[in-house]
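What you see below is based on every heavy atom in this structure, not just the backbone, and it leaves out hydrogens, waters and symmetry mates. Counting starts at 1 for both ligands and their atoms, in listed order.
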Amino acid sequence: MSPTAHELPPFLAACRRQPGRHTPVWVMRQAGRYLPEYRALRAEHTFLEMMRTPALAAEVTLQPIRRFPLDAAILFADIMTPLDGLGLGLDFAPGPVLERPVRSAADVEALAWRPAVEAVPHVLETVRTVIHELPDEVPLIGFAGAPWTLFCYLVEGKGSKSFVTAKSFLHAQPEAAARLLDKLADLTIDYASAQVEAGARAIMLFDSWAGLLGPDDYRRFALPAVRRILEALGALGAPRIYFPNQGATLLEDVATLPVEVVGIDWRLPLSRARRILGPGMAVQGNLDPAALFAPRAALAAAIDRVIEEAGPAPGHVFNLGHGIESTTDPDQLAFLVEHVHARTAREVPA
Ligand code: CP3
């Protein structure tokens, strides 16, 4: 069936819990190292160079779209990108590392962010370049890190399994911590809004380290900053997606947020997530990225299970439960996209 003028692209329809031609699919980290064409460009440039150069960042954003019939593109950038101009000595190895992490109330006060149009105009230029190349059917997703997850890297200064330094700061200096989360919320409202104004048609907040917090600390520190961002973005009209990674125990609180779509990691079946979130939110997810290493029949069965768990009601964006692994065979992703589309193809009432 060919799309008609009034029909939303499948991705936007699902975000709005409306029926579409098929369940839309995109995957976290779809622009990245599992693609040989990414590795070829990356051999010639550093990761920061690629992010700071609109022609390169646009090219990497489009690489997976050329290869697979994905239903959305995601901007090639990083959650640390908007912090690039803060003078903290940001680098990637391969995860974010900071020469001068934030460790005191004075460090927090010294942080002065500038509007995205001044600090990271290249990101907005990348958005404009990409949307020019994308078919209407394939919306561009803009994104930002959620304040708590940015806080983890800013305070720890590098990746970690447990982020002990960041969590200690939360408890040892709760006022300075709240102030930092507040500043990060302000920066993110500006940065995410600028992406939508430049042409991103949905906006996703990655809270990769939400699961490090118990419900009380999550409610006290992480949630208010996320709520403030989502409230501010509501006026823009682009669907909002929030991904609280390892957030199964936090979903009752997430259900109170003003958000269209909640990303679910692979640890929680989508049927259970939907029961907790209620009928007013769409879900995104949640195949274990490791399933892409299974033989085709087992992969197909695992994909079918995710679709069944999502249930027949509209409002499912198929995705992995976290980023695609860099050792994944791209042909397995081609199979996944094709299988999701074929398995969910339906007639849309006019
Ligand atoms: O999803 C996409 O294709 C868009 C691009 C994107 C990247 N990072 C590119 C990237 C997105 C959406 C992100 C988000 C991001 N970055 C998150 C949230 C999502 C998540 O994974 O939980 C986080 C926590 C980061 C911080 C970060 N950046 C880490 C931990 C790493 C190392 C990861 C790894 O796979 O080794 C990065 C580097 C990074 N960000 C790469 C890419 C393509 C690899 C860079 C390289 O080529 O060396």
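- For the pair Ile74 and ligand 1, a heavy-atom separation below 4.0 Å is found.
- Distances from ligand 1 to the non-hydrogen atoms of His322 include at least one value under 4.0 Å.
- In the candidate list Phe76, Phe143, Phe47, Phe92, Phe47 is nearest to atom 41 (C) of ligand 1, counting heavy atoms.
- If you check which protein heavy atom lies closest to atom 31 (C) of ligand 1, you get Gly95 CA, 3.4 Å.
- Under the 3.5 Å distance criterion, with hydrogens and angles disregarded, no donor-acceptor pair is assigned to the side chains of Ser208 and Asn245.
- Closest to atom 22 (O) of ligand 1, if we only count protein heavy atoms, is Ser208 OG, 2.4 Å.
- The proximity of Arg33 to ligand 1, defined as any non-hydrogen pair under 4.0 Å, is limited to the side chain.
- Shortest contact from atom 3 (O) of ligand 1 to any protein heavy atom: Ala31 N, 2.9 Å.
- Between Trp266 and His322, the two ring planes are tilted [angle within 30° to 60°].
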Exercise answer: donor-acceptor pairs, residues 48-61 side-chain atoms, under 3.5 Å, sequence neighbours excluded:
residue, atom, partner, partner atom, Å
Glu49, OE1, His45, ND1, 3.2
Glu49, OE1, Thr46, N, 3.4
Arg52, NE, Asp84, OD2, 2.9
Arg52, NH2, Asp84, OD1, 3.0
Arg52, NH2, Asp84, OD2, 3.3
Thr53, OG1, Glu49, O, 2.6
Glu59, OE1, Arg66, NH1, 3.2
Glu59, OE1, Arg66, NH2, 3.2
Glu59, OE2, Arg66, NH1, 3.0
Thr61, OG1, Ala57, O, 2.7
Thr61, OG1, Phe76, N, 3.0

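- Looking at Ala77 against ligand 1, only its backbone comes within 4.0 Å, counting heavy atoms.
- Nearest non-hydrogen protein atom to atom 23 (C) of ligand 1 is Ile79 CD1, 3.5 Å.
- Side-chain atoms of Trp209 and Tyr153 include a donor-acceptor pair closer than 3.5 Å.
- Using a 4.0 Å cut-off between heavy atoms, Arg42 contacts ligand 1 through its side chain alone, with no backbone atom that close.
- At the top of the distance list for atom 40 (N) of ligand 1, counting protein heavy atoms only, stands Asp78 OD1, 3.0 Å.
- The Pro94 neighbourhood of ligand 1 comprises atoms 31 (C), 32 (C), 36 (O), 37 (C), 38 (C), with distances under 4.0 Å to a heavy atom of that residue.
- Residue contacts with ligand 1 include Pro96, since one or more of its heavy atoms lies under 4.0 Å from the ligand.
- Heavy-atom proximity to Gln30, at under 4.0 Å, picks out these atoms of ligand 1: 1 (O), 2 (C), 3 (O).
- Taking the six-membered ring where the residue is Trp, Phe151 and Phe169 present tilted rings, their angle falling between 30° and 60°.
- Counting only heavy atoms of the protein, atom 47 (O) of ligand 1 lies nearest to Tyr38 OH, 2.6 Å.
- Taking hydrophobic clusters as Ile, Leu, Val, Met, Phe, Trp and Tyr residues chained together by side-chain heavy-atom distances below 4.5 Å, Leu75 does not share a cluster with Val117.
- Other residues, nucleotides and ligands place more than 12 heavy atoms under 6.0 Å from the CD atom of Glu118.
- No salt bridge links Arg228 with Glu231; every basic N to acidic carboxylate O contact stays at or beyond 4.0 Å.
- For Phe221 and Trp148, the ring centers are positioned 6.0 Å apart or more.
- Atom 33 (C) of ligand 1 has its closest protein heavy atom at Arg29 NH1, 3.4 Å.
- Distance CD1/Ile65 to CD/Glu137: 12.5 Å, rounded to 0.5 Å.
- Of all the heavy atoms of Leu75, the ones lying under 4.0 Å from any atom of ligand 1 belong exclusively to the backbone.
- With 3.5 Å as the limit, one finds no donor-acceptor pair spanning the side chains of Arg39 and Ser326.
- Using 4.0 Å as the threshold, Tyr153 has a heavy atom nearer than that to some atom of ligand 1.
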